[in-house]
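Beneath this line is the structure, given in structure tokens, with notes to follow.
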Amino acid sequence: MSVHLKQDKPDTSNRLDDMKQGVIGAPLPRVEGMAKVTGTAPYAAEYLMENCAEGVLVTSTITRGEVTRIDKDSVLSMPGVIAVIDDERLITRPAQGTANEAPQQKPKSVSYWGQPIALVVAETFEDARDAAKHLKVEYREEAGAPLSPDAVEPEEQEGETVHQGDLAHAMAQAAHSVDVTFTTEGHSSAAMEPHAAIAQWDGERLTVHASLQMLNYNITELADAVGLDESKVRLISRFVGGGFGSKLGISEDVVSASLAAMQLCRPVRVVLSRQQVLQCIMRRSETTQRIRLAADENGRLTGFGHEALVSNLPGESFAEPVLQSSHFLYAGQNRELMLKLARIHRMTAGSVRAPGEAVGMPALEGAMDVLAHEIGIDPVELRLRNIPEDNPEEGLPFSSHKLAECLRQGAEAFGWDHGPRKPRHTREGEWWVGTGMASAARVHNVGEARARVTLKADGTALVETDMTDIGTGTYTILAQIAGEMLGLDPGKVLVDLGDTRHPRGSGSGGSWGAASVGSAVYVACTALREELARRAGIAEDELDLSNGRTQAGQTLSQLLDGQDMAREGHYEPGDIASDFTASGFGAFFAQVRVNRFTGETRVDRMLGAFGFGRVLNHKTARSQCIGGITWSIGAALTEALEFDPRDGHLVNCDLAEYHVPVNRDVPDLEVLMVEERDPAASPIQAKGIGELGMCGGAAAIGNAIFDASGARIFDYPMTPDRVLAAMPAD
Amino acid sequence: MRPFQYDRARTLTDAAQIMQGEDAMAIAGGTNLLDLMKLQVETPRELADINRVGLGEIADTDDGGLRIGALATNTATAVHPRVRADYPVLSRAILAGATQQLRNKATTGGNLCQRTRCFYFMNIDQPCNKREPGSGCGALDGIAKLHAVLGASGECIATYPGDMAVALSALDASVEINGSDGTERTVPVRDFHCLPGDTPWRDNVLEPGEIITAVTLPAPVGGTQLYRKVRERSSYAFALVSIAAIVEMEDGVFTRADLAFGGLAHKPWHDPRIAQALVGNAPSAELFDRAADILLEDAQGHGENDFKIPLARRTLHAVLEQASEDAA
């Protein structure tokens with residue numbers, strides 16, 4: 001039986017708070033943690049299949065043009081080689097998140113260096129890899145493909161444009177104004193588990209073990225790509241070793257393995273190499289961002305401008321949504337916002353953790369620091385003075401808003417030195433020491449989701465949905481929600497995820513998983529409670545369940561009377577989305593040291609204070625925040641994709657040269673959760689958490705570099721060469 | 001990875017025999033070679049596994065120095081009591097390199113033989129004179145932030161990525177080498193690695209079939225020993241600039257200043273004129289600048305890596321300031 005809930009109105013009943021089990025929010029360890037650390041949780045490539053062949057992708061060595069000939073004979077006689085697949089249905093790019101259809105196919109048409117063009121299948125991985133390197137390919141190259149965003153006339157993204165009032169006039173009249181341009185470099189998701197798939201074909205049905213974030217969309221994308229009816233396709237992603245946006249849509253490994261399995265009628269495994277993951281999955285676009293801020297003598301914004309240039313391949317709809325939170329974070333009645341997209345032939349740009357705010361917020365918050373310094377006031381105070389009552393563009397109320405609390409409580413917990421910044425106030429030996437802060441904001445998303453909850457006759461429960469757990473704690477929080485609602489210890493709730501045989505969840509992406517699929521579980525559990533209450537002869541809202549019993553002492557087993565009881569919860573975001581602006585808010589504080597000789601920057605400590613609705617599990621939520629802050633450190637100091645200026649290929653395509661932070665770069669991070677109940681965010685009052693931790697954190701570090709050393713840098717990441725170039729002489 | 005023949009050598013003679021084969025190479029820890037084989041950058045037909053030939057010993061020499069067997073792991077060397085006590089610059093340099101897991105496998109000889117490399121060398125679909133003579137240098141007009149500012153040529157601007165050898169260069173260590181015919185020779189580590197010139201494929205002076213058997217350190221010289229490695233992140237990153245320094249002072253003037261530099265050239269960089277300029281003089285910013293002038297006399301950037309020239313100067317200042325304070 002399916003129960004539907006479309007949320008059209010705020011829900012202030014906070015029903016989870018009325019429940020008696022007392023496990024919601026508890027810092028339970030991840031239920032699959034032990035399996036993962038003991039190597040017994042199988043990832044996509046780790047299933048043992050009899051007679052499994054191995055495929056390795058062959059990638060293009062030109063930037064733009066046509067493959068005119070693939071000389072299959074050049075490898076078919078090599079040891080172990082079974083086939084060269086150059087099917088027209090192979091995909092050449094990953095699907096964008098929630099695309100719900102196949103991405104660009106026709107692999108003979110090349111649009112970036114490193115694009116997959118064929119798959120070599122052999123008996124062993126080593127044979128396949130050797131043959132892939134030897135496959136002879138002829139091209140007709142089209143010279144002159146634009147490779148740099150400056151090389152083309154960009155397209156305005158009209159939906160993002162705001163002209164409100166007269167910003168130029170406001171800038172001219174302002175007591176204080178800032179007009180600065182920041183740049184950010186491309187980023188990679190750099191998930192630990194490479195993209196991988198094993199496909200099996202029984203002549204009619206296709207089953208694929210893959211590493212994906214959104215099976216509910218991926219099944220449609222895969223079916224569309226290979227030309228099968230969705231009912232003939234099954235996707236399984238039980239464990240995902242990180243995705244960060246790079247596994248939102250189906251990737252080249254999934255489709256090539258599927259086509260090979262269908263052609264060869266045997267299982268085929270395709271695992272991308274680390275270099276291929278970086279070169280042919282997703283990049284976050286580099287950005288150039290001009291920010292204009294006009295303020296009165298008290299630091300109240302009268303004008304706000306944010307214009308950004310990003311890039312993507314021709315044919316891609318995705319444009320890094322840099323301005324997403326800029327639309328509502330600060331007041332300022334005169335507003336100019338514009339996003340432009342340059343079509344260039346670097347690899348596909350798409351979602352990388354916190355698309356938009358991950359790079360938009362560091363630029364905006366860097367500019368706010370410049371303004372605070374210009375005015376001569378405390379940077380925290382500047383933010384506090386500019387928190388708008390309502391969304392300054394659409395006039396909508398906020399569903400909830402904890403920015404002020406996060407700024408104040410964060411400053412207090414960090415020991416923030418209030419007052420204007422006075423750069424170079426402290427030197428310890430060779431190191432300048434300083435502090436910086438930034439606001440955090442990340443729009444809240446939810447998506448349609450279904451989950452089936454079955455109360456078993458033995459008094460345990462089963463939760464089933466095709467939702468994925470990408471390392472965030474989904475298994476655990478769904479057990480907590482069901483446990484809370486049904487009065488069960490979470491250990492008695494089995495959560496079965498990552499299989500398209502289950503009801504469609506929301507998928508993991510945009511930080512929306514917990515609120516969306518959590519709400520579906522909540523809806524199913526509410527329906528189960530209603531039936532249990534009916535059997536117990538009381539109203540649902542009078543039914544107290546804990547440790548498998550009602551308040552009257554009846555056990556669930558007694559109420560179930562030997563029969564399982566199942567309900568499918570179907571949650572749908574309703575009209576409420578157009579009535580409120582919903583966002584997570586927060587504040588970052590950082591202390592850094594900058595070497596006066598070498599320009600090296602090291603983070604001493606960081607604190608993030610976040611308000612993101614109900615916290616479902618304090619441990620997994622904190623882990624999400626720590627992960628986000630760690631990404632902030634990478635974005636601030638080290639992470640940059642480097643593209644060759646002549647052919648656009650990604651040069652630093654491994655983890656030795658694409659520098660994510662290592663343990664020594666990540667000091668003790670403190671997380672302060674400013675808990676709240678957001679009645680409009682979701683039926684369980686939870687909002688997104690996963691991305692907020694990196695939406696602005698890089699600016700706290702950049703601003704601290706200024707406070708420490710006097711180097712004001714407008715280019716992220718702030719590597720030693722850039723710090724040295726901006727650092728005043730001793 | 002091209003299929004290859006694997007043979008385990010029991011003795012050096014065994015190994016020498018295996019390495020007579022066409023495209024044969026020795027493998028020890030494999031921390032660099034296996035990476036390169038997977039990328040098809042190195043394509044040996046035959047590998048001689050020398051891990052069991054018994055060269056792992058670290059032992060005192062008759063003149064009070066230390067002989068580090070070619071198969072002693074980087075970890076074993078870095079934690080060896082005599083290395084820590086008498087050659088701390090070596091311990092520090094090793095610990096500044098790679099990761100614990102890599103250092104546990106990497107050996108002394110293998111570390112010296114790691115390829116001087118860059119992005120373009122690692123990608124067989126890009127030009128590289130070192131990997132494919134005559135194909136051109138991809139880095140020269142490409143991405144060259146990490147590349148050489150000293151001793152480069154139009155053929156190759158890659159930098160030697162290691163740390164251990166920079167310290168060995170400051171210590172004036174020697175490399176013991178066995179030839180395939182059983183002959184032995186010794187090469188100062190300062191002469192072991194090559195500049196690219198017009199033979200960029202040649203990283204060091206080893207002849208075909210030769211195997212490093214040990215590195216010998218001279219009797220301890222004491223002094224203040226520092227290894228300073230400048231990099232974006234604090235672990236698992238190659239040096240933008242590194243400096244190994246052994247400094248002694250007496251009566252306010254330098255009496256020893258043996259310096260070697262990483263991250264600047266195709267090999268660990270050592271310029272004897274720097275010590276000559278420093279010794280006999282009292283530390284001062286002007287003196288440090290003179291030393292930097294000598295170091296960087298012929299330095300040439302390639303755009304993206306121009307910053308290395310001032311960075312090397314500033315790092316030299318930092319190291320000499322710290323060393324002279326510690327030594328005083």
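Reminder, nothing fancy here: chain letters follow the sequence lines and each chain counts from 1. Because the structure is predicted, anything quoted here is derived from the model rather than measured. We use all heavy atoms of the structure for the numbers below, so side chains are in, but hydrogens, waters and symmetry mates are not.
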Taking every non-hydrogen pair under 4.5 Å, which of A/H134, A/R646, A/E657 racks up the most with chain B? A/R646
Who wins among A/E126, A/K133, A/M78, A/M718 for the most heavy-atom pairs under 4.5 Å with chain B? A/K133
Provide the closest heavy-atom pair for [X] versus [Y] in the form atom of the first, atom of the second, distance.
X	Y	answer
A/M727	B/R314	CE-NH2, 3.8 Å
B/R233	A/V660	NH1-O, 2.6 Å
A/P645	B/G142	CD-CA, 4.1 Å

Starting at [atom1] of [X], measure out to [atom2] of [Y] and round the result to the nearest 0.5 Å.
X	Y	atom1	atom2	result
A/E430	B/H317	CD	NE2	12.5 Å
B/Y236	A/L655	OH	CG	7.5 Å
B/D35	A/R274	CG	CZ	12.5 Å
A/N652	B/I143	CG	CD1	8.0 Å
B/D141	A/D644	CG	CG	9.5 Å
B/R231	A/H659	CZ	NE2	9.5 Å

Taking every non-hydrogen pair under 4.5 Å, which of [options] racks up the most with chain A?
options	answer
B/M122, B/Q322, B/E321	B/E321
B/T43, B/T99, B/L39, B/D306	B/L39
B/F238, B/F307, B/F119	B/F119
B/T315, B/L146, B/V241, B/L311	B/L311

With a 4.5 angstrom heavy-atom cut-off, is it the side chain or the backbone of [X] that approaches chain B, or both, or neither?
X	answer
A/I633	neither
A/R664	both
A/N663	neither
A/F643	backbone
A/T61	side chain
A/E639	neither
A/V723	neither

Heavy-atom distance under 4.5 Å between the side chains of A/D647 and B/Q126, does that happen here? yes
Donor-acceptor pair, distance only, cut-off 3.5 Å: does the side chain of A/R129 make one with the backbone of B/Q40? no
Is a side-chain donor or acceptor of A/D665 paired with a backbone partner of B/S234 at a separation under 3.5 angstrom? yes
Step by step, work out the side chain to side chain contact (heavy atoms under 4.5 Å, CB included) result for B/E232 and A/L637. CA-CA 7 Å; B/E232 290 169 13; A/L637 299 178; over 6 Å; no
Measure [X] against the heavy atoms of chain A and call it side chain, backbone, both or neither at under 4.5 Å.
X	value
B/E304	side chain
B/N305	neither
B/L240	side chain
B/N123	side chain

With a 4.0 Å cut-off, would you call A/E185 and B/K145 a salt bridge? no
Any chance CG of A/D730 has more than 12 other-residue heavy atoms, nucleotides or ligands included, within less than 6.0 Å? yes
Set out, in order, the CA-CA distance, both residues' side-chain angles and the distance that settles side chain to side chain contact (heavy atoms under 4.5 Å, CB included) for A/H649 and B/D125, then state yes or no. CA-CA 10 Å; A/H649 87 274; B/D125 295 320; over 6 Å; no
